J.: 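Right, I'll just put the structure down here and ask away after.
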Amino acid sequence: MKLSPEERRQRREMFRQLSRAKKLEHIWLYYKAPILLTILALGILLSGVYRAATKKEPVVYLAYLNVSVGEDMEARLTEDYLTCRGLNPKRNEVRLYRNLYLSEDPDASDHEYAYASRMKLLATVNSRQLDLVLMNREAYNLCSASGYLLDLSDILDSACLTANQVILEDNAVEYNLNAAQEYTAITETVYNALELTQLSAFQKAGFSDSVYIGIIANTPRLPESQDYLDYLISTD
């Protein structure tokens with residue numbers, strides 16, 4: 001019901017005569033919903049502003065496949081690279097996918113982990129959100145055979161270039177279904193990775209085995225990926 005001017009004046013006068021505690025109780029009782037909605041809207045706004053202010057732009061995406069990287073080496077692979085390129089690490093990043101595990105014949109205890117890693121790798125490749133892979137020999141063999149890796153022979157000149165087999169055609173489906181007596185494949189040899197453990201910086205990093213890095217064949221950030229490999233070679 002609409003109040004008359006006199007009634008509104010009387011209510012304002014009654015409100016002014018209340019104690020501070022009573023005023024707060026009155027405001028909370030009659031204006032609780034608008035207050036809560038205002039607080040919620042302000043929280044959402046501030047959260048969005050904070051995320052926008054602190055969001056980092058990925059320069060390249062890098063996955064670790066079957067390798068564990070220490071803090072010093074990870075700093076070399078991320079912040080040091082950004083600094084070398086003149087980029088601000090507070091606004092840019094090397095986006096990492098850590099702890100991925102690939103195996104052609106994993107143990108029963110590792111089977112689900114290997115399957116999940118393979119699915120994540122496939123998803124990031126298909127969504128074009130993976131540019132480089134740091135990997136041990138087993139992972140390198142699997143990535144190379146699957147055709148994930150770019151031929152580097154035309155874009156990079158380095159003594160660390162290494163070659164591996166790429167499967168062009170095979171009868172894996174028929175063989176696995178027992179429709180073929182033996183597995184056959186047509187392959188080619190491609191220079192599609194750098195053996196980083198030939199570089200002194202990586203020899204000192206404590207890797208127990210050879211470590212390789214390659215560029216994903218469908219990367220939309222090829223110039224940045226080339227710069228990354230050049231950085232690793234030049235900072236040895």
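Since the structure is predicted, the reported quantities are computational estimates derived from the model, not experimental observations.
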J.: Is any side-chain heavy atom of L232 closer than 4.5 Å to a side-chain heavy atom of F202?
T.: yes

J.: What do the steps show when you test L150 against I155 for side chain to side chain contact (heavy atoms under 4.5 Å, CB included), and what is the final call?
T.: CA-CA 10 Å; L150 184 71; I155 64 173; 3.9 Å; yes

J.: I'd like to know if the side chain of Y228 and the backbone of L77 have a donor-acceptor N/O pair within less than 3.5 Å.
T.: yes

J.: Which atom names give the shortest non-hydrogen contact between V59 and R221, and what distance separates them?
T.: O-CD, 3.5 Å

J.: Is there a side-chain contact between T78 and L96, using heavy atoms and a 4.5 Å cut-off?
T.: yes

J.: Per the side chain to side chain donor-acceptor pair (under 3.5 Å) rule, which among R118, H111, E138 passes with S103?
T.: E138

J.: Compare all side-chain heavy atoms of L149 with those of I215 and state whether any distance is below 4.5 angstrom.
T.: no

J.: With side chains defined as the heavy atoms from C-beta onward, is the minimum distance between Y97 and Y61 less than 4.5 Å?
T.: yes

J.: Mind checking whether R128 and N218 have side chains closer than 4.5 Å, heavy atoms only?
T.: yes

J.: State, yes or no, whether a side-chain contact exists between R137 and D209 at a heavy-atom distance under 4.5 Å.
T.: no

J.: Take E224 and V94, measure what side chain to side chain contact (heavy atoms under 4.5 Å, CB included) needs, and give me the verdict at the end.
T.: CA-CA 11 Å; E224 292 83 357; V94 176; over 6 Å; no

J.: Do the side chain of K120 and the main chain of L100 share a donor and acceptor less than 3.5 angstrom apart?
T.: no

J.: Could you tell me which non-hydrogen atom of L102 sits nearest to which non-hydrogen atom of S117, and how far apart they are?
T.: CD2-C, 4.3 Å

J.: Kindly say whether T197 contributes a backbone atom to a donor-acceptor pair with the side chain of Q203 at under 3.5 angstrom?
T.: yes

J.: Side chain to side chain contact (heavy atoms under 4.5 Å, CB included), that's the test. Do Y113 and D107 meet it? Break it down for me.
T.: CA-CA 10 Å; Y113 183 28; D107 294 336; over 6 Å; no

J.: Tell me whether Y191 at atom OH has more than 12 heavy atoms from other residues, nucleotides or ligands lying less than 6.0 Å away.
T.: no

J.: Could you tell me whether the side chain of S146 and the main chain of C143 form a donor-acceptor pair under 3.5 Å?
T.: no

J.: Can you give me the closest heavy-atom contact between D227 and Y81, atom names plus distance?
T.: CB-OH, 4.0 Å

J.: Are V133 and I213 packed together at the side-chain level, in the sense that at least one heavy-atom pair is separated by less than 4.5 angstrom?
T.: no

J.: Could you tell me the separation between the CG atom of N136 and the OH atom of Y64, rounded to the nearest 0.5 Å?
T.: 14.5 Å

J.: Under 6.0 Å from the CG atom of D230, do we count more than 12 heavy atoms belonging to anything else shown?
T.: yes

J.: Would you say OH of Y115 has more than 12 non-hydrogen atoms from neighbouring residues, nucleotides or ligands within 6.0 angstrom?
T.: no

J.: How far apart are the closest heavy atoms of K56 and P58, and which atoms are they?
T.: O-CD, 3.5 Å

J.: Taking the side chain from N164 and the backbone from V190, do they hold a donor-acceptor pair closer than 3.5 Å?
T.: no

J.: For Q129 and T124, what are the C-alpha separation, side-chain angles and deciding distance, and is it a side-chain hydrogen bond (donor to acceptor under 3.5 Å, both in side chains)?
T.: CA-CA 5 Å; Q129 289 189 318; T124 55; over 6 Å; no

J.: If we ignore hydrogens and angles and just use 3.5 Å, is the side chain of S144 paired with the main-chain N or O of N141 as donor and acceptor?
T.: no

J.: Going through the distances and angles, do N192 and Y140 end up as a side-chain hydrogen bond (donor to acceptor under 3.5 Å, both in side chains)?
T.: CA-CA 9 Å; N192 53 10; Y140 174 34; 2.6 Å; yes

J.: Side chain to side chain contact (heavy atoms under 4.5 Å, CB included), that's the test. Do Q165 and T187 meet it? Break it down for me.
T.: CA-CA 6 Å; Q165 298 296 309; T187 65; 2.9 Å; yes

J.: Ion pair present between R98 and E74, side-chain N to carboxylate O less than 4.0 angstrom?
T.: yes

J.: Which residue is it: N88, N92, L87? I am looking for the one with a side chain to side chain contact (heavy atoms under 4.5 Å, CB included) to K90.
T.: N88

J.: Return yes if some donor-acceptor pair links the side-chain N/O of D131 with the main-chain N/O of S225 below 3.5 Å, else return no.
T.: no

J.: In terms of hydrophobic clustering (I, L, V, M, F, W, Y; side-chain heavy atoms under 4.5 Å; direct or indirect links), are L199 and L194 co-clustered?
T.: yes

J.: Would you say E188's side chain and L168's backbone share a donor-acceptor pair under 3.5 angstrom?
T.: no

J.: When hydrophobic residues are tied together by side-chain contacts of less than 4.5 Å, even through go-betweens, does L229 share a cluster with L196?
T.: yes

J.: Among side-chain atoms of Y183 and D170, is any donor-acceptor pair under 3.5 angstrom?
T.: yes

J.: Does atom CG of N126 have more than 12 heavy-atom neighbours, drawn from other residues, nucleotides or ligands, at distances under 6.0 Å?
T.: yes

J.: Do the side chain of N171 and the main chain of E174 share a donor and acceptor less than 3.5 angstrom apart?
T.: no

J.: Which atom pair, heavy atoms only, marks the closest approach of L156 to L161?
T.: O-CD1, 3.4 Å

J.: Show, in sequence, the C-alpha distance, side-chain angles and deciding distance for S210 and E195, and conclude whether the side-chain hydrogen bond (donor to acceptor under 3.5 Å, both in side chains) test is met.
T.: CA-CA 7 Å; S210 295; E195 186 177 352; 3.2 Å; yes

J.: Distance-only, no hydrogens or angles: does the T219 side chain make a donor-acceptor pair with backbone N or O of I216 under 3.5 Å?
T.: no

J.: Locate the shortest heavy-atom distance separating G147 from A217; write the atom from each residue and the value.
T.: O-CB, 4.2 Å

